[in-house]
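In what follows, chains are A, B, ... by sequence order, proteins preceding strands, each numbered from 1. Only a predicted model underlies this, so the values are computations on that prediction, with no experimental measurement involved.
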Amino acid sequence: MAEVIMNPEPARRTARRKRSIQGRIELLDIVLIVILAVLALLIIIPFLNVLAISFVTQQEYLKTSILLFPKEITLENYKAMFEDGRIWTGYRTTAILLAIGVPINMFLTTSMAYGLSRPDYPFKRFFIFFVVVTMMFNGGIIPMYLLMKQLHLINSLWSVVLAYGINAFYLIIMMNYFSNLPIALAESAKLDGAGEWTILFRIILPLSMPIMATMTLFYAVDRWNEWFNAMIFIRKGNLVVLQLALRSIVIDSQISQQLNISNIQTDKQFTEGMKMAAVIVSMLPIMCVFPLLQRHFVKGMLIGAIKA
Amino acid sequence: MDNNALIRRIIRSKETYMLILPGVIWFVIFAYIPMYGLTLAFKTYKANLGIFGSPWVGLEKFEYVFRDPAFMESVWRTLWINLGRIVFTFPVPILLALLLNELRLQWYKKTVQTIFTFPYFLSWIIVASVLINFLDMQGLVNGVIRLLGGEPINFLGNTTLFRPLLYLTDIWKNAGWTMIIYLAAITSIDTEQYESAQLDGATRLQTMWYITLPGIMNTVVVMLILAAGNIMTAGFDQIFNISNAATAKAGEILDIYIYRITFQSAADFSFSTAVSLFRSVINFVLLLLADRICKMLGSEGLFPPIRRTARKGRAILRAGGA
């Protein structure tokens, strides 16, 4: 999957020019507005449906075929979901993963990016090449699993923390950012006898708050969404990460449903509502930071880092 | 430069090396050792001897791999599924970017952009949960079909609908984000071209076709080459979460096959590594091949645009000061 983190702000100049030359609404504009509205609704409706189901009773769910705006709101499904306990375990594990993992990500990435960005030291090209190679080749999951086994990290959260220590793409973005800070500041501090670590923490980092914030956010989102490594490295029930907890609630039961077709729920508990409550709860933090994520790349701060 | 001067420079830079060191250690342990671990494909893995100590056996494992019919099937399946992605899902973000670029209501454009990019930041587990709920027999889509008097369709448990399902859900989750890349490319098109087109009386559809689209062609080519280099790997997260017992066979791409033979049955780690090495080599060869073909067709290929974007990014960062 290739991703480019770029300035998405579309041609403002172009837009301004267009508006000044032809201000009237044409047929094309209306067609566009309608098409894009339909597509946007195709994205919104599934979410709205999930949200609605999470707040209704089984009776209303079975009665209504198109459920988007519930008539009566109940919190029973959320209660059932928390009583089930799996989401709590997931939340706890993922919270620990974020609390340990993100600072380690940021420490490793920042110090290495700053070091690599220094203007003149022997073997600079070699070290950058050393990083870039890992963007093109990787050992894959099997050697990683065997390595974790040899390090005795299987069934420990450290395996998941350490397996994703540095994202080479984020590292390169940060390195480019640091390379473009004025070096005069660092040089004068050096003359005053400050060491590189002091310069990094006292001078460079205060100048780099926007990029630090963005990177923290990106790592945090990656950690939040992390499940594959956890599935492979951790087989202990009390260390299930949130995404896998959600998977066990929603998707595994779906798989068994496919096998017996009579799947209208008749049990006391309204499982569909409980499942959708779990989806909402797992999505909530991403929804909260999304405006921030959005603003950061709209600002055009992370430009031109190709992630392949 | 003689050796002494070099050593002096190294000593002078020791603090820089200290900054790099933690990262280098991480890369060595968690990137380079696993990379070396790919040599397991030519060894017989013995748990007590580890990756380094296990004895070499040459190409023996590959012989077994190619004799496994499930392997060859999954190779072809992966190729077909992901070629389908290039045909059906690859053009969608380009189209979206072209449409969105023509939109003149700025607030509307921003809103649409926000909605389109949101699903990208969710994991496939969440996306699959949302879409399974939307599409299953009791889901909203079948609710509408029933309301209109039709027979409900089993979207999720049907092998013939499985590939369209993959492409559509892929578009649903990722097209918005990829669209952003193309929108960014559109911003760098020279505005003079639009102005002269305007003077010549070109319609908006004509400018879209003759200026905007050619203007982002380089980006399209880069994305296409990267997609080619991903043909043997794309889709694990998606298929793992969207397939079920009924569609498991239709979705067994190479990565799912590797997962199945490694973590679900009695594992032969060397065998699995041989498969995954094979997969990486094919990916890499396809990447280089696509790059070469694009160059033969007159495009500049993968590497110059990447270098240029990096340069441009640096220039913008400098100008903006962020």
Contact origin within B:I51 toward chain A - heavy atom pairs under 4.5 Å: both
For A:L200, is it the side chain, the backbone, both, or neither that has a heavy atom closer than 4.5 Å to a heavy atom of chain B? side chain
Okay, B:I115 and chain A: the region with an atom under 4.5 Å from a heavy atom over there is both
Select one option (side chain, backbone, both, neither) describing which atoms of B:Y36 are under 4.5 Å from chain A's heavy atoms. neither
Return the option, out of A:I232, A:I286, A:I166, A:L151, with the maximum number of heavy-atom pairs under 4.5 Å with chain B. A:I166
Whatever's closer than 4.5 Å to a heavy atom in chain B on A:M276 counts as side chain
Run the side-chain donor-acceptor check on residues 10-18 of chain B: report pairs under 3.5 Å with partners two or more places apart or on a different chain.
residue : atom : partner : partner atom : Å
B:S13   : OG   : B:R9    : O            : 2.8
B:E15   : OE1  : A:E196  : N            : 2.9
B:Y17   : OH   : A:P122  : O            : 2.6

Can you name the closest pair of heavy atoms from A:P143 and B:L38 and give their distance? CG-N, 4.2 Å
Can you name the nearest heavy-atom pair linking B:G23 to A:M112, along with the distance? CA-SD, 3.5 Å
Report yes if the side chains of B:Y108 and A:L32 come closer than 4.5 Å at any heavy-atom pair, otherwise no. no
Point-to-point distance, once rounded to the nearest 0.5 Å, from CD1 of A:I33 to CG of B:L105: 4.5 Å
In terms of heavy-atom contacts, A:E26 and B:R204 come closest through OE1-NH1, 3.3 Å
Nearest-0.5 Å distance that lies between atom CG in A:L146 and atom CD1 in B:I33: 12.5 Å
Test side chain to side chain contact (heavy atoms under 4.5 Å, CB included) on B:L122 and A:M283 and set out the steps. CA-CA 7 Å; B:L122 301 172; A:M283 228 166 61; 3.5 Å; yes
Measuring only between side-chain heavy atoms, which start at C-beta, is A:V50 closer than 4.5 Å to B:F134? no
For B:T262, is it the side chain, the backbone, both or neither that has a heavy atom under 4.5 Å from a heavy atom of chain A? side chain
In terms of heavy-atom proximity below 4.5 Å to chain A, should B:F118 be classed as side chain, backbone, both, or neither? both
Sort B:I25 into side chain, backbone, both or neither according to what part of it lies under 4.5 angstrom from a heavy atom of chain A. neither
Which atoms of B:L21 come close to chain A, meaning under 4.5 Å heavy atom to heavy atom: side chain ones, backbone ones, both, or neither? neither
Answer key: most heavy-atom pairs under 4.5 Å with chain B among A:S208, A:G195, A:A37, A:G115 is A:G115
Using a cut-off of under 4.5 Å for heavy-atom pairs, which of A:W224, A:Y114, A:W197, A:F107 has the most such pairs with chain B? A:W197
Any chance you could lay out the ring pair (Phe, Tyr, Trp, His ring centres under 6.0 Å) test for A:F137 and B:F284, step after step, and finish with the verdict? CA-CA 9 Å; A:F137 303 98; B:F284 193 63; 5.0 Å; yes
Using a cut-off of under 4.5 Å on heavy-atom pairs, state which of A:L67, A:V221, A:L39 scores highest against chain B. A:L39
Most contact-rich option vs chain B, by heavy-atom pairs under 4.5 angstrom, among A:I35, A:I45, A:I43, A:D120, is A:I43
For A:F228, run the ring pair (Phe, Tyr, Trp, His ring centres under 6.0 Å) check against B:W124, B:F263, B:F236, B:F240 and tell me which one passes. B:F236
Side chain, backbone, both or neither: which part of B:N283 has an atom under 4.5 Å from a heavy atom of chain A? neither
Quick check for you: among A:L36, A:L68, A:L116, which has the greatest number of heavy-atom pairs under 4.5 Å with chain B? A:L36
Chain A heavy atoms under 4.5 Å from B:L140: which part of the residue, side chain, backbone, both or neither? both
Bottom line for B:Y259: the part with an atom under 4.5 Å from chain A's heavy atoms is side chain
From B:T273 atom OG1 to A:I142 atom CD1, the distance as rounded to the nearest 0.5 Å: 4.5 Å
Less than 4.5 Å to any heavy atom of chain B: does that hold for the side chain of A:A40, its backbone, both, or neither? both
Output all residues satisfying salt bridge (charged side-chain N to carboxylate O under 4.0 Å, His left out) with A:K149, sequence neighbours left out; order by chain, then residue number. none
Do the two ring centres, one from A:F130 and one from B:W26, sit under 6.0 Å apart? no
Chain A contact via B:L96 - which portion, at a heavy-atom distance below 4.5 Å: side chain
Is there a donor-acceptor contact under 3.5 Å from the side chain of A:D29 to the main chain of B:L103? no
Which portion of B:V24 sits near chain A, non-hydrogen atoms under 4.5 angstrom: both
Tell me, do A:N138 and B:M35 make a side-chain contact under 4.5 Å, heavy atoms counted? no
Would you give the length of the straight line joining atom CD1 of A:I53 to atom CG of B:N133, rounded to the nearest 0.5 angstrom? 4.0 Å
